[in-house]
Amino acid sequence: MERETEIGLIEELLGLREAKSHYLDDEIEFNSVDQYQSEVIFQRERDQMFARLPAVAAHVSELPNTGDFVKREIAGRSILVTRDAHGEVRAFLNICRHRGTQLVDDESGCKHRFTCPYHAWSYANTGELVSVPHMDTGFPDLDKAQYSLKSLQCEERFGFIWVIATPDVGFDFDTYYAPIAAEAEGLDLANMAIAHEEKKVHNSNWKILVEGGIESYHFKVAHRKTIGPYFEDNLSSYQMLGDHMRSVLMRSSMHVLRDQPTDQWRLRDHANIIYTFFPTTQLLVQKDHVVWINSRPVSAGQTELRLATLAPKSRLGEEAYWEKNHQITSTTLNEDFVIGESIQNGFASGANDVITFGRFEGALPEFNRTIKRHTAA
Ligand code: FES
Ligand SMILES: [Fe+2]
């Protein structure tokens, strides 16, 4: 983060605290509960966003060597990500081109060739079809070059491997990430690795889970037994960075900076910074590590979340420390996830046609506006 930005963000929050105010948008706003319940809307989000915008398939540390692969599901599609002999990452639809069997069953491993479990067509980890049993008699004129695995755009950026789950989209990664790229690079995630992780399916819409991370109105209430006491009451700001967002949630320790020269001010020591890489990746930046929250929307009412603590590779050996940190994060976020399920459940009652966002919850309507822009007909 640029120094000037960092100091500006701290000044802004200190000023709001001293004025006993909040970070306020102009008006309260609303969102229809249909946005969280309707399978029709969910399908539109899947087709127009999840299948066409970058999703993280893996952290780079999950495919460190040539031949490594992982299988993932993105936008309902089974996807194979490989690291080829030149060290390049590649992604493919995990579908055999003969009669459509899913090619790879294992979640991860190291292989230079993949053989289909049905009739043993086999493919290189660069996607080319390399052998077809009984080809001369069964497929005399088959042009193998036309039968490579369907390739997907795949980029290594900010320590993650991003994939576009639809072939031939021609996605412009540079433009899409330009407003957030320098800050994301500054996190040095490529030199980190997963110290701890968990994965769980939650019975709530993916947007509810994102929304829980970008406001601090609930901190002193929902998190009163965990992190609530360490944060200011309802004091956070947000900034749109293109479609992405930076949220800054102020810790109660920040006011001590008033007694220190500004050249010693360090935002991440006195705030939680949350980056939302639109739409499904969030990074929670802590003092000495980063929590990666990857969401995989399954249906309107179900979302699988992968929660991983990323630690500097040089400190991975401090297992007990990372485990403790991961548990604190997990316990805290689970308070949000339980509420997320409560909200989803409550929608069915018909009590609310809309939900209401207060002026200090302005990040939420902003996030929803970005979704609606991407899913507009
Ligand atoms: S479906 Fe894969 S080899 Fe036949
Ligand atoms: Fe929360």
Side-chain angles (χ1 to χ4, degrees), residues 71 78 80 92-106 111 113-125 127-139 142 144 146-150 200 202 204-238 245 247-252 271-276 282-286 291 293 295 303 305 307 326-344 355 357-358 360-361 363-364 367:
K71 185 185 74 170
S78 182
L80 173 65
F92 310 96
L93 291 174
N94 179 31
I95 304 293
C96 176
R97 300 296 311 283
H98 174 219
R99 279 168 50 201
T101 307
Q102 299 207 11
L103 179 65
V104 176
D105 228 12
D106 295 344
K111 267 185 188 176
R113 232 186 219 220
F114 301 96
T115 301
C116 179
Y118 202 0
H119 314 93
W121 283 29
S122 78
Y123 301 85
N125 66 359
E128 282 100 36
L129 175 61
V130 287
S131 80
V132 173
H134 306 292
M135 177 164 159
D136 293 348
T137 46
F139 306 91
L142 187 104
K144 286 213 281 266
Q146 300 299 314
Y147 282 82
S148 298
L149 295 175
K150 276 281 179 206
K200 194 175 163 196
H202 302 274
S204 60
N205 184 273
W206 70 282
K207 297 188 286 287
I208 295 176
L209 301 177
V210 173
E211 288 168 3
I214 55 179
E215 52 93 352
S216 61
Y217 185 31
H218 71 284
F219 269 39
K220 288 283 188 201
V221 190
H223 298 309
R224 65 190 173 282
K225 293 189 186 135
T226 50
I227 56 166
Y230 304 103
F231 284 80
E232 290 287 347
D233 184 16
N234 200 8
L235 255 186
S236 53
S237 65
Y238 73 93
M245 186 186 289
S247 310
V248 186
L249 306 118
M250 183 180 189
R251 287 178 180 270
S252 22
N272 276 6
I273 308 166
I274 297 176
Y275 291 103
T276 303
Q282 287 185 298
L283 296 179
L284 162 56
V285 180
Q286 305 264 27
V291 178
I293 305 166
S295 110
T303 309
L305 282 190
L307 193 66
H326 186 87
Q327 279 320 320
I328 293 170
T329 310
S330 172
T331 305
T332 304
L333 290 178
N334 270 297
E335 292 172 336
D336 293 291
F337 303 154
V338 167
I339 286 179
E341 294 197 343
S342 158
I343 293 172
Q344 190 75 30
I355 53 171
F357 302 126
F360 34 63
E361 295 173 290
L364 286 70
F367 171 64

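Counting starts at 1 for both ligands and their atoms, in listed order.
- The nearest N, O or S atom of His98 is closer to atom 4 (Fe) of ligand 1 than 2.8 Å.
- Under the 3.5 Å distance criterion, the side-chain polar atoms of Gln344 are matched with a main-chain donor or acceptor of Asn205.
- The neighbour count for Lys220 NZ, taken as heavy atoms of other residues, nucleotides or ligands under 6.0 Å away, is above 12.
- Under the 3.5 Å distance criterion, the side-chain polar atoms of Glu215 are matched with a main-chain donor or acceptor of His218.
- Residue Trp121 approaches ligand 1 through these ligand atoms, each under 4.0 Å from one of its heavy atoms: 3 (S).
- Inspection of the Glu128 and Ser148 side chains reveals no N or O donor paired with an N or O acceptor under 3.5 Å.
- Applying the 4.0 Å criterion to heavy atoms of Thr101 picks out, from ligand 1, the atoms 1 (S).
- Atom CZ in Arg97 sits 8.5 Å away from atom CH2 in Trp121 (nearest 0.5 Å).
- For ligand 1, the atoms sitting less than 4.0 Å from at least one non-hydrogen atom of Cys116 are 1 (S), 2 (Fe), 3 (S), numbered in the order shown with element in parentheses.
- Under 2.8 Å from atom 4 (Fe) of ligand 1 lies no N/O/S atom of Cys96, from backbone or side chain alike.
- With rounding to the nearest 0.5 angstrom, the OG1 atom of Thr332 is 10.0 Å from the OH atom of Tyr230.
- Of all N, O or S atoms in Asp336, the one lying closest to the Fe ion (ligand 2) is OD1.
- Considering the Fe ion (ligand 2) as centre, the angle to NE2 of His218 and to NE2 of His223 is 100° (10° rounding).
- Shortest distance from atom 4 (Fe) of ligand 1 to His119 is reached at ND1 (N/O/S atoms only).
- At least one donor-acceptor pair closer than 3.5 Å links the side chain of Asn94 to the backbone N or O of Val104.
- Among the atoms of Glu335, no N, O or S atom falls under 2.8 Å of the Fe ion (ligand 2).
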